[in-house]
Amino acid sequence: MNLSIIGAGYVGLVTACCFAELGHKVKCIEKDSEKVKMLKKGSIPIYEPGLEEILKKNIGKNLFFTTSIADGVKESPVIFICVGTPQDRRGSADLFQVEEVAREIARNINGYKLIVEKSTVPLDSHIWINKTIQRFAKKGVTFDVASNPEFLKEGSAIEDFMKPDRIVIGVSSERAKKILLDLYSNFKCKKIVTNPQTSKLIKYSANIFLATKISFINNIADISEKVGADVNVVADAIGVDERIGRAFLNAGVGYGGSCLPKDVKAFIKIAESAGIDFKILKEIDRYNDERPLMIVKKVKEALWILKDKEIAIFGLSFKPNTDDIREAASLKIIPQLLAENARIRLYDPVAELQFRKIFPESEAVRYFKTPYEAVEGAHLLLILTEWEDFKKIDINKIAGLMVIPIVVDGRNIFPPAKMKKTGFEYYSIGRV
Ligand code: NAD
């Protein structure tokens, strides 16, 4: 098929590259001309394992980049909207990017188009896209608006896209249903075909449920700490029950990233506009917002006075295998440590460049190329992301390089007994 993908962010770029790899002819439209320049040269503006290889293989053959929506719309009968839907000041999803794209599509529509919402959008947005196109397009144009939410995870995005657990398709016409089922005909997973509202409710429900699991286990971790229980053992034991499942039951610094925090807040507003006060979700949101403070409290309990203390931090992105720092715990924790006049020594395998844009190097904030350099002369090591490489680190060497061997492990990556035996004062989450 001839496809247009609008937005070359984490979702759009993966979607464009993967569809091209599957043999479709893809035009990827990105507003940011610097990104387009980079992509045309075969390099990707984000860190996503395996993506650059697929880009290089398909560029100029099946995959083309442009800044012009007009080009893409005219050539492709199927258009995916993959732009951002950030949080607005009140917590709702801000749809200005989606609306702008809808107007641009309307101005360039030249025959039947299927416009597919891949971004995470509120339940009535397809109605608004429909209205916007009717208002700004020439009279008599034919088009459908469908929903096909994306469930990929940053860090394993290609695998998630190519072998999804399920494909959700929300349509209002047989024509749209046929096109999307044809497009995904070679995917062997379960396909759910429903109306657009249900399709988008599935996406939000998945994300708010995952957020709920994380806040739930973090609450259990708080109790574990008070009573001398071990939250990991609890998670393993309840996780074997298939009604519960072990995934997303890792106690830690709370959920972050570009999806869960904003989607939880947006869904509270969606529920409100439907007249529902989703109290459990409000509490999950409040509790998670306060989670970074709990880490700062642990650091202070360990060090007492933070002034002039050297604090090494491993992991700046919101999770491993990505350079995405949106809503990462590090962004909330570091300003608090700096406010107490601590000096910060940062190490992250891939997110340093992104982080430097917000925290430039200074006397109080320094970046290091290896974890060992970061801990040299440190009074405390704080772990904020569970990269596999951190788990394999030589802890004897770390202990030897620090002024005082104290670790606050915000992701429970080390066994407490081993850390204590190595001579660390070791604090983790919900374990003794
Ligand atoms: P992103 O911010 O990384 O990318 C959005 C891209 O769209 C940006 O590059 C931006 O410049 C571009 N853009 C904005 N307006 C444009 C326009 N008029 N024309 C062309 N390009 C334009 O966002 P993302 O992380 O890829 O997320 C996109 C959507 O997918 C969001 O709704 C998000 O909630 C959802 N989602 C994200 C993930 C994820 O893991 N990141 C997973 C599933 C769903």
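Indexing begins at 1, ligand by ligand and atom by atom, following the structure's order.
Here the heavy atom of the protein found nearest to atom 42 (C) of ligand 1 is Leu152 O, 3.5 Å. When only non-hydrogen protein atoms are considered, atom 21 (N) of ligand 1 lies nearest to Lys31 N, 3.1 Å. The single protein non-hydrogen atom nearest to atom 27 (O) of ligand 1 is Val11 CG2, 4.1 Å, given as residue, atom name and distance. The closest protein non-hydrogen atom to atom 35 (C) of ligand 1 is Thr120 OG1, 3.5 Å. The shortest contact between atom 7 (O) of ligand 1 and any protein heavy atom is with Gly7 CA, 3.4 Å.
Between Lys392 and Glu388 there is no salt bridge, since none of the side-chain N atoms of the basic residue sits less than 4.0 Å from a carboxylate O of the acidic one. Using a 4.0 Å cut-off between a side-chain N of Lys or Arg and a carboxylate O of Asp or Glu, Glu225 and Lys298 qualify as a salt bridge. Between Lys300 and Glu340 a salt bridge is recorded (basic side-chain N to carboxylate O distance below 4.0 Å). Contact check on Lys200 versus Glu117 returns a salt bridge, with a Lys/Arg side-chain nitrogen under 4.0 Å from an Asp/Glu carboxylate oxygen. With respect to Arg286 and Glu290, a salt bridge is recorded, a charged nitrogen being found less than 4.0 Å from a carboxylate O. Here Glu272 pairs with Lys269 in a salt bridge; the nearest charged N to carboxylate O distance falls below 4.0 Å.
Short contacts between ligand 1 and Gly84, defined as distances under 4.0 Å to a heavy atom of the residue, involve ligand atoms 5 (C). Annotation for ligand 1: atoms under 4.0 Å from non-hydrogen atoms of Ile6 are 19 (N), 20 (C). Atoms of ligand 1 found under 4.0 Å from any heavy atom of Cys82, numbered from 1 in the order shown, are 5 (C), 28 (C). Taking a cut-off of under 4.0 Å to the non-hydrogen atoms of Lys203, the atoms of ligand 1 that pass are 43 (C). Under a 4.0 Å criterion applied to the non-hydrogen atoms of Ser258, ligand 1 contributes the atoms 41 (N). Listed by number with element, the atoms of ligand 1 under 4.0 angstrom from any heavy atom of Ile29 are 20 (C), 21 (N). Using a 4.0 Å cut-off to heavy atoms of Val101, the atoms of ligand 1 that qualify are 17 (C), 18 (N). Close contacts of ligand 1 with Gly9, meaning ligand atoms under 4.0 Å from a residue heavy atom, involve 1 (P), 3 (O), 4 (O), 6 (C), 9 (O), 26 (O).
Comparing Gln97, Lys118, Lys262 against atom 14 (C) of ligand 1, the shortest heavy-atom distance belongs to Gln97. Evaluated by nearest non-hydrogen atom to atom 6 (C) of ligand 1, the leading choice among Glu30, Lys319, Glu100 is Glu30. Heavy-atom proximity to atom 25 (O) of ligand 1, evaluated over Glu154, Arg326, Glu48, is greatest for Arg326. Counting only non-hydrogen atoms, the option in Asp160, Leu260, Val83, Thr85 that gets closest to atom 29 (C) of ligand 1 is Val83.
Under 4.0 angstrom from ligand 1, the non-hydrogen atoms of Cys259 all belong to its side chain.
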Are Ile325 and Asp323 close enough, and set up right, to give a side chain to side chain contact (heavy atoms under 4.5 Å, CB included), and what steps lead you there? CA-CA 6 Å; Ile325 58 167; Asp323 63 347; over 6 Å; no
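Within the 3.5 Å criterion, the main-chain N or O of Glu373 finds a donor-acceptor partner in the side chain of Thr370. Although no hydrogens or angles enter the test, the distance criterion places no donor-acceptor pair under 3.5 Å between the side chain of Asn288 and the main chain of Ile284. His24 places a side-chain N or O within 3.5 Å of a backbone atom of Met1 that can act as its donor or acceptor partner.
Under the 6.0 Å distance and 45° angle rule, Lys391 does not count as a cation-pi partner of Phe414. Seen from the ring of Tyr367, Arg356 counts as a face-on cation partner, given the 6.0 Å and 45° thresholds.
Remark: ligand 1 and Tyr10 share an N or O pair separated by less than 3.5 Å (distance only, no angle test). Note: no N/O pair closer than 3.5 Å links Glu150 and ligand 1 by distance alone.
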